[in-house]
Amino acid sequence: KTSGPESGDVAWSTFHVAQCERALGRGQAALAGLREAIALFERVGHVNGQWVVWGGLGDVLLEQDKLSEARAAYSHALELSDRQGMQRIEFRHKSTMSLSDVLSRLRDWKSAETIHRDFLRLEPQIGENDPRLALHRTRLASALINQGKDVEVKALIEKAIRTTNPEEEW
């Protein structure tokens with residue numbers, strides 16, 4: 001079916017209502033709506049795009065300082081997008097940065113290192129001068145510093161600067 005409850009339409013509508021609740025500052029209602037949307041998607045077996053809903057769930061949980069749950073939601077969103085073959089760079093960037101915020105607050109520097117290295121592997125697809133790469137390089141540098149792994153840091157920072165100022169000579 002292309003429309004109706006079996007297609008995921010109700011789940012998507014529930015997701016969008018939850019996003020409105022979030023925008024209105026109704027965090028609990030947004031949280032309940034996002035969880036309901038996920039359950040509806042699972043019930044109809046509609047998996048395409050669920051990563052968006054899980055990312056939204058992570059956002060609401062982060063706003064509520066539910067860090068462990070937010071971490072799980074963002075991780076699941078990234079996992080789903082990978083499983084579905086979705087290489088939407090902007091989604092991956094946003095979700096990775098949000099997950100990085102959570103990991104930093106949890107002081108899980110090793111996991112932060114891993115997610116930023118994973119994003120930086122996308123450089124051939126997005127181009128070496130993409131400013132998002134600079135953000136991930138600086139976040140990776142911070143994760144390394146917090147682990148006492150200073151060896152790579154200078155090169156990462158210099159490359160981040162070159163990414164944002166490609167005309168300057170180094």
Side-chain angles (χ1 to χ4, degrees), residues 1-126 130-133 135-140 142-143 146-147:
K1 279 191 103 164
T2 57
S3 65
E6 298 83 24
S7 70
D9 289 350
V10 173
W12 278 118
S13 295
T14 303
F15 165 72
H16 289 292
V17 168
Q19 291 296 83
C20 291
E21 295 285 9
R22 178 181 175 215
L24 292 169
R26 300 178 190 150
Q28 291 300 64
L31 193 58
L34 290 165
R35 288 185 170 141
E36 181 181 347
I38 289 167
L40 288 167
F41 275 120
E42 289 173 356
R43 189 174 316 131
V44 298
H46 185 81
V47 295
N48 189 27
Q50 266 194 55
W51 42 271
V52 174
V53 182
W54 280 93
L57 179 62
D59 292 341
V60 172
L61 291 165
L62 179 58
E63 289 167 0
Q64 296 180 0
D65 279 333
K66 296 179 178 177
L67 301 180
S68 294
E69 291 178 66
R71 175 186 186 161
Y74 288 130
S75 295
H76 193 64
L78 288 166
E79 178 187 315
L80 282 173
S81 71
D82 284 347
R83 237 189 291 152
Q84 293 173 24
M86 300 305 294
Q87 290 301 318
R88 295 194 180 186
I89 303 300
E90 192 54 38
F91 173 79
R92 177 159 293 286
H93 166 68
K94 181 201 171 298
S95 292
T96 301
M97 294 303 283
S98 296
L99 180 55
S100 176
D101 290 341
V102 171
L103 294 171
S104 293
R105 290 176 63 189
L106 292 171
R107 306 183 91 49
D108 185 350
W109 306 115
K110 181 64 181 159
S111 294
E113 174 186 353
T114 300
I115 65 168
H116 291 296
R117 287 193 191 282
D118 287 348
F119 187 88
L120 290 171
R121 287 188 189 101
L122 300 174
E123 182 175 351
Q125 291 175 265
I126 61 177
D130 189 298
R132 293 172 291 198
L133 294 172
L135 282 170
H136 289 278
R137 286 187 179 105
T138 57
R139 292 275 185 110
L140 174 56
S142 177
N146 281 292
Q147 293 177 79

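Worth saying up front: this structure is predicted, and the values here are computed from it rather than measured.
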When rounded to the nearest 0.5 Å, the distance separating CD of Glu123 from CG of Asp130 is 9.0 Å

Quick one: does any side-chain atom of Ser98 pair with a main-chain N or O of Lys94 as donor and acceptor, under 3.5 Å?
yes

Any chance you could lay out the side chain to side chain contact (heavy atoms under 4.5 Å, CB included) test for Lys66 and Leu31, step after step, and finish with the verdict?
CA-CA 11 Å; Lys66 296 179 178 177; Leu31 193 58; 3.8 Å; yes

Without hydrogens or angle criteria, can the side chains of Gln64 and Gln28 be said to hold a donor-acceptor pair below 3.5 Å?
yes

Looking only at atom types and distance, does a side-chain atom of Ser95 sit under 3.5 Å from a main-chain N or O of Arg92, one as donor and one as acceptor?
no

With sequence neighbours left out, write down each residue that passes salt bridge (Lys or Arg N to Asp or Glu O under 4.0 Å) with Asp108, or none if nothing qualifies.
Arg71

Pairs flagged by ring-ring contact (aromatic ring centres under 6.0 Å, His included) wherever residues 64-83 is involved - sequence neighbours left out
Trp54-His76

On a heavy-atom basis, which atom in Val53 and which in Ala37 lie closest, and how many Å separate them?
CG1-CB, 4.1 Å

Gln147 side chain to Ala143 backbone, donor-acceptor under 3.5 Å:
yes

Taking side chain as C-beta onward, heavy atoms only, is Glu21 less than 4.5 Å from Val60?
no

Take Val44 and Leu40 through the test side chain to side chain contact (heavy atoms under 4.5 Å, CB included) and record every step on the way to the result.
CA-CA 6 Å; Val44 298; Leu40 288 167; over 6 Å; no

How long is the straight-line distance from CD of Gln50 back to CZ of Phe41, given to the nearest 0.5 Å?
6.0 Å

Using a strict threshold of under 4.0 Å (side-chain N to carboxylate O), is an ion pair present between Asp65 and Arg105?
yes

Intermediate values then yes/no, side chain to side chain contact (heavy atoms under 4.5 Å, CB included), Lys110 and Leu103
CA-CA 9 Å; Lys110 181 64 181 159; Leu103 294 171; over 6 Å; no

Search all heavy atoms of Ala70 against all heavy atoms of Gly58 and return the closest pair with its distance.
CB-O, 3.7 Å

Please confirm whether the backbone N or O of Thr14 pairs with a side-chain atom of Glu36, one donor and one acceptor, at under 3.5 Å?
no

CG of Leu133 to OG1 of Thr138: how many Å apart, nearest 0.5 Å?
10.5 Å

Using the rule given for side chain to side chain contact (heavy atoms under 4.5 Å, CB included), can you reason through Met97 versus His136, listing the C-alpha separation, both sets of side-chain angles and the distance that settles it, and then say yes or no?
CA-CA 8 Å; Met97 294 303 283; His136 289 278; 3.5 Å; yes

Atom OG1 of Thr96 and atom CG of Asp118: how far apart are they, to the nearest 0.5 Å?
8.0 Å

So CD of Glu63 and CZ of Arg22: to nearest 0.5 Å the spacing works out to 4.0 Å

Nearest heavy-atom contact between Gly55 and Ala77 is N-CB, 3.6 Å

In terms of heavy-atom contacts, Val52 and Trp12 come closest through CB-CH2, 4.3 Å

Distance (rounded to the nearest 0.5 Å) between Leu106 CG and Leu99 CG:
9.5 Å

Return the set of residues passing side-chain contact (heavy atoms from CB on, under 4.5 Å) with Ser100 (not counting sequence neighbours), or none when no residue passes.
Ser104, Ile115, His116, Arg139

